[in-house]
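Chain letters run A, B, ... following the sequence lines, proteins first and then strands; every chain starts at 1.
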Amino acid sequence: MHKLLTDQPGATMVLLGNEAIARGAIEAGVAVATTYPGTPSSEISLNFFQISQESSLYFEYSTNEKVSLEVAAATANAGVRSMCVMKHVGMNVAADALMTLAYVGVKGGLIILTADDPFMFSSQNEQDNRYYGKLSGLPILEPSSVEEAKNMIPYAFELSESLQEPVIFRTTTRINHSTAPVTLGPIRERVCKGDFAKDPFNYVTVPAVSRKLHVKLLANLEKAAEQTETSPYNFVSGSGSWGIICNGVSYAYITDAVRDLGIHDKVKILRIGFSHPMPQKMIKTFLGSCEKVLVVEEGEPYMEEAIKAFAQEAGLTLPINGKGKDLFSRLYEFNPRLVRQVVAGYFGVSCQVEPIVDLSNVPEIPQRPPNLCAGCSHRATFYAVKKAAEGLATIYPTDIGCYTLGFLPPLGMGDFLICMGSSVGTSCGFSKVTDKKVVSFIGDSTFFHSGIPGLVNAIFNNHNFTFVILDNGITAMTGHQPNPGVDMSLMKLQGYGRISIEAVVRALGVPHISVIQPYKVKKSIEALREAFSFKGVSVVIAQEMCTLYAKGFKKTKSRAYYVSDKCRNHRDCISQLACPAFFLEEEKVKINPTMCDGCAVCAQICPENAILPVKS
Amino acid sequence: MSDITRLIIVAVGGQGNLLASSVLGEAALLAGIPLRMSEIHGMAQRGGVVESALVFGNAQSTIISDGEADVLLGFEPSETLRALNKCNARTVVITNLSPLPPFTVAIGKGVYPDIGELQQIIREKTARLIAMNAVDLAKTAGNVLSVNMVLLGALIQTGILPVTADHVITAIRTKTKAAFVDINTRAFDLGVEAALRQ
């Protein structure tokens, strides 16, 4: 049995934040969960995926976040408790559905979980999704710890059902990826079937209906404004005339800082866990009892701006600060030492900080950037593209996935990236206004997520570029999740369809299509050259299963390669492929046999044919 | 802050530090010590650095600021050196001495630090350095992959963490695969002995 299904209320379990969130949903009787995977949210979905294989929970990896939210919007409107999980930038994709779903509302509880990523550990931006609450008019809940994340999920479902609106559940990386003991609660029975009663004048959002629904949304927002005032997740602790208002992980850093600074009798803390709408009355009362207030929140001054507006309404003139010089930054994430120092500085108390060791004479340490795996077929494709494009002035728009790492030297394959699917859309623009050869890259999962509309655009508007689809048969960067092109029978799972990328591309009327096997270097280069010389949209599909994923299915490891005595130290292998299985020993190239995957790409490019399979 | 012990573990993806953290988590649960952890394991499978923070005691924070680690446990010597910003003059450092040079060295984009100099630098800046070739000890124990258990042994021997060797051994029995328990406990013992000798 999956550990998150353990039916032992009161028992303690050490859980990752994302496991705790999934457990919270199980305790709340969630019946439908949908997602497009994205760090730092991915493990929530992975647990739902596993649980769905042994219970009545319906879970799906949807094509993208918008579809994911639409599926959950329907199930929730059929009265079934549903949850839609995504990373913060996924909300941008889902936003079209989100904004009008807020007008329509829900019948059964719906939680939309957004995992924000301050410091961008694994993201392209660090947008603060609390503004989606303001933008859509939906309530936002934000936990401060792993334990609270679990407990808050059932509350979020209840809130959603009482307001008849979806609830946005906002986490940050440090909640998702922290681990702590969690006390299990009782599991509510899962109700998987619902019903949908036709009511088009409340569900079909033509203008006349929406004008009415917007009134309803504002009325629901009023109800939410009452609930936030009495929510157990907005609370005051401590006493004193100094005030701190904080949210999320900042509450943990503040709790530690107040204790470490010994100021618990001087400061009171207002912790905001229900952050949209903000508890206006509670905040005004809090401000009225303080001499000065520090607002502690990662990201944007979301609370600070609201609090200052409340102070103005209440005619209060006390100092209220948060972001600013010598205070907090809008950049990156906070840490305990930073918070302790800012609190001490703001309230004028002494703060002992342990000096960091002197690092001035530490020699420069070689960087250890992430690298494409040994035997990764993306490396082979990038090499072939580079060779085929020799002599051409190029622009390489890329996309989001493992292959984004191809932008690093020595491959240097990646010139422009803004979001999922942008490879193909930006190719249209670059090829229109420059005379350079545009070659763009997209992975299989990203192609299904948002690459198809861009390709349709390219065909319709008759653009001119080569679009390389790196089809490795799985979603790799987030950890081998299925996508619509994946053969699910390999996971021993039945009941799934499978979409051929080649068939999709053909159906769109792409005039020049080729399929390559990237481990066959010479043939791949030839096919790419031909595609590059075509005027119009050419698509090259590079098919080879993710080597890391394939290892799970192979009975025996492929034969590794070694560098024989024939090597003349050209080092083309190292300098052009940069496969991590290579290393230097006494200035000679060697191959780590345990890392080598036997892809034989290096053997094909060695000018001396010095790289040979290890004899068994 | 005296009741709180802060441990940073740094490793290269695939070295088994997440399992080491998980064993310590279980051991803390057995010892009745509150423990909060956080991990940044972005792209670990692609050869990147994995950093775990473990905070024992009654702190709410799950991360450890620069200069505030009580113990730094490094699975790879250059990564131990890179994490020195987490240390202060009272920090105890434990490191494996067997290098895994990053790929940047092979393509001439950096020079791997001298292992002797590396130890000297850590020794002069921190309270104590315990250094060992954990790969050799793991091989002696019977499996090169038990490096993590060797280093756990050395860590527990210092007595800095509020968990005992018994707690950790019990946790190894429940958290690691049955077929490897004997090798893992042997590796743990070899780590304890190696730390004792220093």
For a quick test of reading the model, state the closest non-hydrogen atom pair linking [X] to [Y] and the distance between them.
{"X": "A:Ser178", "Y": "B:Thr62", "answer": "OG-OG1, 2.8 Å"}
{"X": "B:Ile63", "Y": "A:Phe334", "answer": "CD1-O, 3.5 Å"}
{"X": "B:Arg36", "Y": "A:Ala180", "answer": "CG-CB, 4.1 Å"}
{"X": "A:Val14", "Y": "B:Gly25", "answer": "CG2-O, 4.4 Å"}

Heavy-atom side-chain contact between [X] and [Y] under 4.5 Å:
{"X": "A:Arg259", "Y": "B:Ile4", "answer": "yes"}
{"X": "A:Leu338", "Y": "B:Ser65", "answer": "no"}
{"X": "A:Asp358", "Y": "B:Lys125", "answer": "yes"}
{"X": "B:Ser61", "Y": "A:Val339", "answer": "no"}

Looking at [atom1] of [X] and [atom2] of [Y], how far apart are the two atoms once the value is rounded to the nearest 0.5 Å?
{"X": "B:Tyr112", "Y": "A:Ile365", "atom1": "OH", "atom2": "CD1", "answer": "9.0 Å"}
{"X": "A:Thr179", "Y": "B:Leu18", "atom1": "OG1", "atom2": "CG", "answer": "9.5 Å"}
{"X": "B:Gln60", "Y": "A:Tyr251", "atom1": "CD", "atom2": "OH", "answer": "7.5 Å"}
{"X": "A:Phe121", "Y": "B:Glu39", "atom1": "CZ", "atom2": "CD", "answer": "12.5 Å"}

| query | side chain to side chain contact (heavy atoms under 4.5 Å, CB included) with A:Leu15: which residues, sequence neighbours excluded? | reply | A:Lys3, A:Leu4, A:Met13, A:Glu19, A:Ala20, A:Arg23, A:Val182
| task | Using non-hydrogen atoms and a 4.5 Å limit, figure out which bit of B:Glu124 sits close to chain A: side chain, backbone, both or neither. | result |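 Just the side chain, heavy atoms under 4.5 Å.
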| said: Quick check on B:Glu26 against chain A: is it the side chain, the backbone, both or neither that has a heavy atom closer than 4.5 Å? | reply: neither
| task | Run the numbers on A:Arg340 and B:Glu68 for side chain to side chain contact (heavy atoms under 4.5 Å, CB included), then give the verdict. | result | CA-CA 12 Å; A:Arg340 196 187 314 132; B:Glu68 299 198 342; 2.7 Å; yes
Donor-acceptor pair, distance only, cut-off 3.5 Å: does the side chain of [X] make one with the backbone of [Y]?
{"X": "B:Ser38", "Y": "A:Arg174", "answer": "no"}
{"X": "A:Arg337", "Y": "B:Asp66", "answer": "yes"}
{"X": "B:Lys109", "Y": "A:Pro366", "answer": "no"}

With only heavy atoms counted, which part of [X] is less than 4.5 Å from chain B, the side chain, the backbone, both or neither?
{"X": "A:Asp256", "result": "side chain"}
{"X": "A:Thr173", "result": "side chain"}
{"X": "A:Asn361", "result": "both"}
{"X": "A:Ser145", "result": "neither"}
{"X": "A:Gln367", "result": "both"}
{"X": "A:Pro355", "result": "backbone"}
{"X": "A:Phe119", "result": "neither"}

| remark: Filtered by a 4.5 Å non-hydrogen cutoff, the part of residues 70-98 of chain B contacting chain A is B:Glu76, B:Ser78, B:Glu79, B:Leu81, B:Arg82, B:Leu84, B:Asn85, B:Cys87, B:Asn88, B:Ala89, B:Arg90
Show the atom names and distances, to 0.1 Å, of all donor-acceptor pairs under 3.5 Å that link a side chain in residues 191-198 of chain B to residues at least two apart or in another chain.
unit_1: B:Gln198; atom_1: OE1; unit_2: B:Ala131; atom_2: N; d: 2.8
unit_1: B:Gln198; atom_1: NE2; unit_2: B:Ala131; atom_2: O; d: 2.3

| task | Please step through side chain to side chain contact (heavy atoms under 4.5 Å, CB included) for the pair B:Val12 and A:Arg368, ending with a clear verdict. | result | CA-CA 9 Å; B:Val12 174; A:Arg368 196 185 293 274; 3.4 Å; yes
Validation: residues 575-588 of chain A side-chain donor-acceptor distances under 3.5 Å, sequence neighbours left out:
unit_1: A:Ser575; atom_1: OG; unit_2: A:Arg571; atom_2: O; d: 2.8
unit_1: A:Glu587; atom_1: OE1; unit_2: A:Arg571; atom_2: NH2; d: 3.0

| message | Looking at A:Tyr332, I'd like to know if its OH atom is crowded, meaning that more than 12 non-hydrogen atoms belonging to other residues, nucleotides or ligands lie closer than 6.0 Å. | response |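 Counting neighbours around OH of A:Tyr332, 12 or fewer heavy atoms of other residues, nucleotides or ligands fall under 6.0 Å, so no.
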